[in-house]
Amino acid sequence: MLHTVNKSPFASSTLTQCLNHLAAGAAVLLIEDGVYGATAGTGAGAQIASCLKRFPVYVLGPDLEARGISSNQVVEGVVTVDYTGFVKLVVEHDAVQSWL
Amino acid sequence: MLHTVNKSPFASSTLTQCLNHLAAGAAVLLIEDGVYGATAGTGAGAQIASCLKRFPVYVLGPDLEARGISSNQVVEGVVTVDYTGFVKLVVEHDAVQSWL
Amino acid sequence: MSEGDGETTGVVKKFLFVNRKAPYGTIYALEALEVVLISAAFDQDVSLAFLDDGVYQLVSANNPAGIGMKNFSHTYRALDDYDITKLYVERESLTERGVSEDAFIVPVTVVSRAEMGHIMAAQDVVLSF
Amino acid sequence: MSEGDGETTGVVKKFLFVNRKAPYGTIYALEALEVVLISAAFDQDVSLAFLDDGVYQLVSANNPAGIGMKNFSHTYRALDDYDITKLYVERESLTERGVSEDAFIVPVTVVSRAEMGHIMAAQDVVLSF
Amino acid sequence: MKIGILVNEGPYTHQASDSAYQFAVAALKGGQSVHRVFFYHDGVYNGSSLTDPPRDDRQIVDRWSKLATEHKIDLVVCVAAALRRGIREQNLAPGFRISGLGQLVESGIQADRLVVFGD
Amino acid sequence: MKIGILVNEGPYTHQASDSAYQFAVAALKGGQSVHRVFFYHDGVYNGSSLTDPPRDDRQIVDRWSKLATEHKIDLVVCVAAALRRGIREQNLAPGFRISGLGQLVESGIQADRLVVFGD
């Protein structure tokens with residue numbers, strides 16, 4: 001299952017809730033305001049780092065750039081993808097769950 | 001200043017942020033999904049109880065009823081008002097800040 | 001219903017409707033329920049998940065007359081008539097909000113957060129609103 | 001601008017525009033800025049508060065070309081031309097997000113949460129979007 | 001006392017429009033005057049003449065129109081926000097008018113209070 | 001692979017419509033097929049023919065219409081959600097059609113994946 005998160009973790013509890021529900025085969029993709037969650041050195045970044053020990057985490061590059069977050073600010077281990085990569089993740093996983 | 005909060009404290013950080021910014025003369029009114037914050041026995045309810053030591057807190061009755069929250073579930077000291085009471089609070093305070 | 005016929009005949013997928021938003025403050029809960037009812041015509045394997053503020057949708061004492069809205073809680077009761085019986089509610093979400101399943105308008109299956117995660121992982125189609 | 005004339009002449013109120021939402025994910029930041037610019041024509045005492053995710057609005061490196069949107073960060077630079085110079089940013093919001101004011105597109109006054117509370121309390125009109 | 005109202009969200013989707021309406025009605029009943037209701041962001045959708053909600057539901061656009069007629073309330077839809085969202089004179093409900101953001105700032109100056117309803 | 005897309009929010013206000021569009025374009029470029037784009041909740045506003053955004057901004061409704069024409073994508077606006085929000089045949093943009101919620105469930109069944117974009 002590919003889980004997408006599109007909310008800022010500083011405004012909404014959605015990222016935390018998504019991470020709490022991951023099961024075998026899960027991957028997480030941060031999009032839109034959800035990409036703020038990939039910022040290293042923050043509480044959300046620590047949650048992502050912890051998640052990475054068990055599940056792959058991706059972040060949408062165009063959304064990072066839009067928000068002025070450079071790659072060296074992103075938590076190590078998080079993989080940046082473009083929209084083509086987003087599509088590829090959707091194809092590779094058996095289903096998609098959007099955490100809205 | 002009358003501060004209104006319309007978000008559920010379980011989904012959004014808005015209630016916490018509002019309570020963190022109260023200054024002399026402030027009052028808080030919970031409306032819409034914000035009324036869930038008035039529920040006794042929850043983390044949000046504890047924040048409200050703590051706030052009550054310094055500032056008055058009101059909750060909009062029609063929004064409580066809509067959500068099936070009975071008066072005995074509301075944190076003690078929180079005053080329930082109807083829309084007429086809402087207007088009165090607006091009139092009595094020098095300005096209104098909506099935490100959206 | 002004719003909507004259930006055609007090319008889809010014979011295919012049975014596991015559909016999960018994820019409800020994480022409170023009723024009345026926004027329309028998502030109501031409009032989600034409208035999709036659930038339509039899905040019944042397609043003979044799919046339908047489940048509903050209620051977690052986070054979505055658990056508030058099932059509270060039976062809801063009475064939105066004072067805010068001028070319709071009470072749609074009773075619609076959850078109709079789900080049984082459509083053979084939609086898999087309603088999963090997350091225990092941790094209830095506890096955090098001080099909500100008891102005794103307050104619910106329909107019978108539900110209360111599951112742990114971990115179990116909810118497994119229910120989600122088993123689906124073919126996940127609809128969230 | 002004619003909008004500034006008429007019955008409002010002479011009245012000067014303290015206006016605060018509260019920015020608590022991130023840019024691009026929703027339109028609130030952009031449309032809020034449009035109101036701020038118009039308010040300049042009315043000769044009011046205008047302040048802007050940036051707190052919570054609103055602090056992200058001021059990051060200079062924003063580049064939304066890849067998501068097909070316009071970059072409106074430079075508009076904050078125009079505020080100075082309109083004599084809107086009171087831009088308050090909350091320190092705690094910056095710290096929580098790992099954002100430095102060095103990254104901002106315009107000079108701002110960084111204040112503590114308590115100070116922000118006092119700035120808010122001193123206003124006549126508070127606009128939030 | 002003159003009260004200005006700002007509505008930032010569209011009808012049905014968020015409760016903001018409902019709350020603003022109930023507040024306006026209570027204000028009028030209580031002897032206050034409503035200086036203006038300004039519709040911004042998705043709030044401009046409240047001015048659509050084409051909504052056709054279920055009959056047993058509240059008629060949000062209609063009741064705003066009626067409030068405007070019965071109490072001579074000024075309902076202003078922001079032109080820039082409206083153009084972006086497909087609200088124009090041709091699909092504007094009775095009682096609403098389209099104007100600039102200056103009308104919102106003016107309401108902040110002229111009214112004794114400004115109350116914001118949004119998401 | 002056939003991919004279905006659900007869009008829950010209107011144009012400009014939330015990024016959901018933008019993300020869905022960029023995703024659809026990338027899917028088509030990558031050789032996937034877009035089974036249907038279903039517009040629900042405020043998503044129905046994406047089908048308004050009356051939007052007139054600033055010229056230097058993206059033309060969200062137009063680009064959906066073009067995508068429909070150029071790639072024969074089925075753009076479906078939910079009738080119930082649309083009536084509530086003032087979208088009808090008379091203000092429906094080219095390339096969109098109005099139909100029932102069954103089209104969404106059908107897309108869930110017929111497509112290999114369903115991706116939801118919302119608030």
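Throughout, a chain's letter reflects where its sequence line sits, starting with A, and its residues are numbered from 1.
Counting heavy atoms of neighbouring residues, nucleotides and ligands inside a 6.0 Å radius, atom NZ of A/Lys88 does not exceed 12 of them. Counting heavy-atom neighbours within 6.0 Å of A/Glu92 CD, excluding the residue itself, gives a total above 12.
Nearest approach of A/Pro62 to D/Gly66, heavy atoms of both residues: CB-O, 3.7 Å.
Between A/Tyr36 and D/Arg97 there is no side-chain heavy-atom pair separated by less than 4.5 Å.
With values rounded to the nearest 0.5 angstrom, A/Asp33 atom CG is found 11.5 Å from D/Tyr24 atom OH. Between D/Asn62 atom CG and A/Ile69 atom CD1 the span is 9.0 Å, to the nearest 0.5 Å.
Per-residue counts of heavy-atom pairs under 4.5 Å with chain D were compared for A/Arg67, A/Glu32, A/Gln73; the largest is that of A/Arg67. With respect to chain A, the highest number of heavy-atom pairs below 4.5 Å among D/Val99, D/Asp52, D/Ile67 belongs to D/Ile67. Comparing A/Asp63, A/Thr39, A/Ile31 by how many heavy-atom pairs each has under 4.5 Å with chain D, the most go to A/Asp63.
For the side chain to side chain contact (heavy atoms under 4.5 Å, CB included) test with D/Asp53, the passing option among A/Ser12, A/Pro9, A/Ser8 is A/Ser8; the others fail.
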